[in-house]
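The next block holds one structure in the form of structure tokens; read it before the comments.
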Amino acid sequence: MIDSMSGADGAKAPAPNHVAIIMDGNGRWAQKRNRPRLVGHHAGAKRVREIVRACPDLDVKYLTIFAFSTENWKRTQTEVAGLMKLFKRYIRREAQNLLEEGVRVRFIGDRVRLEPALVDLMDGLELLTADNDKVHLTIALNYGGRDEVARAARRLAYDVAMGKLEPKSICDETFPKYLDTHVLPDPDLVIRTSGEARISNFLLWQSAYSEYEFIDTLWPDFTPDIFAQVVGRFGVRDRRFGAVPV
Ligand code: FPP
């Protein structure tokens with residue numbers, strides 16, 4: 001295994017504080033095995049557990065994962081229902097472990113279209129883990145970057161209409177306070193598995209200066225070792241945020 005956390009001089013390379021992951025490839029993983037797509041999603045859920053557990057050792061404080069997009073409703077009813085069932089099962093089964101492992105869980109996305117039983121579980125898990133601070137896990141569920149920006153703009157417009165906000169005070173520092181992610185730092189590194197090189201409406205505002213890694217591995221094959229290698233590569237990147245090197 002590559003010593004992913006060491007730089008060329010042997011010193012520990014800086015880790016990305018916030019890693020966001022587009023977990024892609026569950027369906028192809030299952031198809032390759034002649035199994036229904038949901039089998040791939042279940043294998044993917046197992047990886048979620050392992051990757052969350054790997055974060056403290058890699059100094060990754062914030063992990064955000066794309067579980068279900070605003071566009072994923074276009075899938076078959078069987079797949080959508082199976083995914084919703086899987087999310088409920090994951091929350092029920094993992095709640096205690098997440099609590100004991102110091103993981104604070106948050107959900108982003110529009111909850112309005114989600115079934116009340118799932119929303120109750122999401123609210124419950126957020127409340128249960130609210131005092132944790134070891135790892136901040138954010139699960140994007142019925143999330144779309146454009147939808148998030150539109151909902152933020154709507155809330156902002158209300159505040160203007162109510163006289164709580166001056167239009168001239170709206171800028172790139174005030175706007176993100178209206179996003180679902182308002183309490184989170186921007187992602188330093190965005191990983192997409194499965195070989196597709198696109199961002200699919202994920203964290204559009206927040207990833208303006210993120211580094212990207214497109215990995216061929218399908219999500220259910222994305223092991224903690226591969227995660228450690230990708231995180232390790234981040235340390236050698238030259239991030240300039242639009243400035244020139246001095
Ligand atoms: C994309 O792969 C994956 C999804 C739409 C679902 C992601 C869900 C999980 C990893 C399940 C567990 C998540 C949690 C939080 C418990 P795809 O199905 O589009 O794959 P394909 O491109 O190969 O068809």
Side-chain angles (χ1 to χ4, degrees), residues 19-55 62-99 101 103-111 113-115 117-126 128-129 135-145 147 180 190-203 214-224 226-227:
V19 177
I21 309 184
I22 303 174
M23 308 180 287
D24 197 11
N26 295 348
R28 275 164 284 169
W29 187 91
Q31 269 157 9
K32 272 171 50 180
R33 289 160 179 77
N34 290 319
R35 304 295 308 276
R37 294 176 58 82
L38 276 168
V39 172
H41 295 314
H42 279 264
K46 197 163 156 267
R47 284 299 177 211
V48 169
R49 285 183 202 111
E50 295 172 5
I51 297 304
V52 174
R53 283 194 189 121
C55 286
Y62 292 86
L63 177 72
T64 298
I65 54 174
F66 205 178
F68 193 87
S69 77
T70 44
E71 289 73 36
N72 286 152
W73 298 104
K74 295 177 200 154
R75 297 185 175 207
T76 64
Q77 217 271 326
T78 309
E79 186 170 350
V80 170
L83 275 167
M84 295 301 147
K85 208 169 153 188
L86 175 59
F87 298 140
K88 285 187 282 186
R89 197 171 92 153
Y90 174 84
I91 296 173
R92 285 198 195 98
R93 288 199 175 174
E94 282 301 298
Q96 197 57 32
N97 293 335
L98 291 162
L99 176 67
E101 286 162 16
V103 181
R104 178 167 186 175
V105 184
R106 296 182 178 88
F107 292 89
I108 55 170
D110 191 356
R111 299 181 191 200
R113 200 173 165 182
L114 298 173
E115 58 172 296
L118 175 56
V119 176
D120 283 350
L121 285 166
M122 291 158 64
D123 289 343
L125 186 58
E126 284 186 334
L128 181 75
T129 61
V135 175
H136 291 250
L137 170 66
T138 302
I139 304 177
L141 224 169
N142 192 27
Y143 175 86
D147 178 69
D180 295 352
V190 179
I191 301 170
R192 183 178 187 140
T193 57
S194 94
E196 309 289 350
R198 53 177 177 266
I199 57 171
S200 298
N201 207 6
F202 189 44
L203 301 177
F214 298 103
I215 311 292
D216 285 338
T217 311
L218 303 175
W219 174 252
D221 292 326
F222 191 78
T223 60
I226 301 174
F227 185 45

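Each ligand, and each atom within it, is numbered from 1 in the order the structure gives.
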Exercise. Describe, in one word, how the ring planes of F202 and F66 are oriented to each other, choosing from parallel (under 30°), tilted (30 to 60°) and perpendicular (over 60°).
Key: parallel

What is the closest protein heavy atom to [atom], and at what distance does it sit?
| atom | result |
| --- | --- |
| atom 10 (C) of ligand 1 | N26 ND2, 3.3 Å |
| atom 11 (C) of ligand 1 | H41 O, 3.5 Å |
| atom 1 (C) of ligand 1 | M23 O, 3.2 Å |

Quiz prompt | Nearest option to atom 7 (C) of ligand 1, as decided by whichever heavy atom of G25, A67, G40 sits closest | solution =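 Among G25, A67, G40, the closest heavy atom to atom 7 (C) of ligand 1 belongs to A67.
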
Quiz item: Quick one: which of K46, R37, R75, E196 has a heavy atom closest to atom 19 (O) of ligand 1?
Solution: R75

Self-check item: Close side-chain approach of W73 and V80, heavy atoms under 4.5 Å
Solution: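 Counting from C-beta outward, W73 and V80 do come under 4.5 Å.
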
For ligand 1, is any non-hydrogen atom under 4.0 Å from [X]'s backbone (N, CA, C, O), its side chain (CB onward), both, or neither?
| X | value |
| --- | --- |
| N72 | side chain |
| F87 | side chain |
| W219 | side chain |

Just by distance, do the side chain of [X] and the backbone of [Y] share a donor-acceptor pair under 3.5 Å?
| X | Y | result |
| --- | --- | --- |
| R28 | L218 | no |
| E126 | F107 | yes |
| N142 | G109 | no |
| T193 | D24 | yes |

Compute the minimum heavy-atom distance from [X] to ligand 1 and say whether it is under 4.0 Å.
| X | value |
| --- | --- |
| R47 | no |
| S194 | no |
| E94 | no |

Quiz item: Which atoms of ligand 1 have any heavy atom of Y90 under 4.0 Å away?
Solution: 16 (C)

Quiz prompt | Min N/O separation A45 to ligand 1 under 3.5 Å | solution = no

Quiz item: Quick one: does W29 get an N or O within less than 3.5 Å of an N or O on ligand 1?
Solution: no

Practice problem: Determine, stepwise, if the pair L114 / F68 fulfils side chain to side chain contact (heavy atoms under 4.5 Å, CB included). | Solution: CA-CA 11 Å; L114 298 173; F68 193 87; 5.5 Å; no

Quiz item: Passes side chain to side chain contact (heavy atoms under 4.5 Å, CB included), F222 versus E50? Steps please.
Solution: CA-CA 10 Å; F222 191 78; E50 295 172 5; over 6 Å; no

Practice problem: Check whether the side chains of T76 and R37 place a donor and an acceptor atom closer than 3.5 Å, and report yes or no. | Solution: no

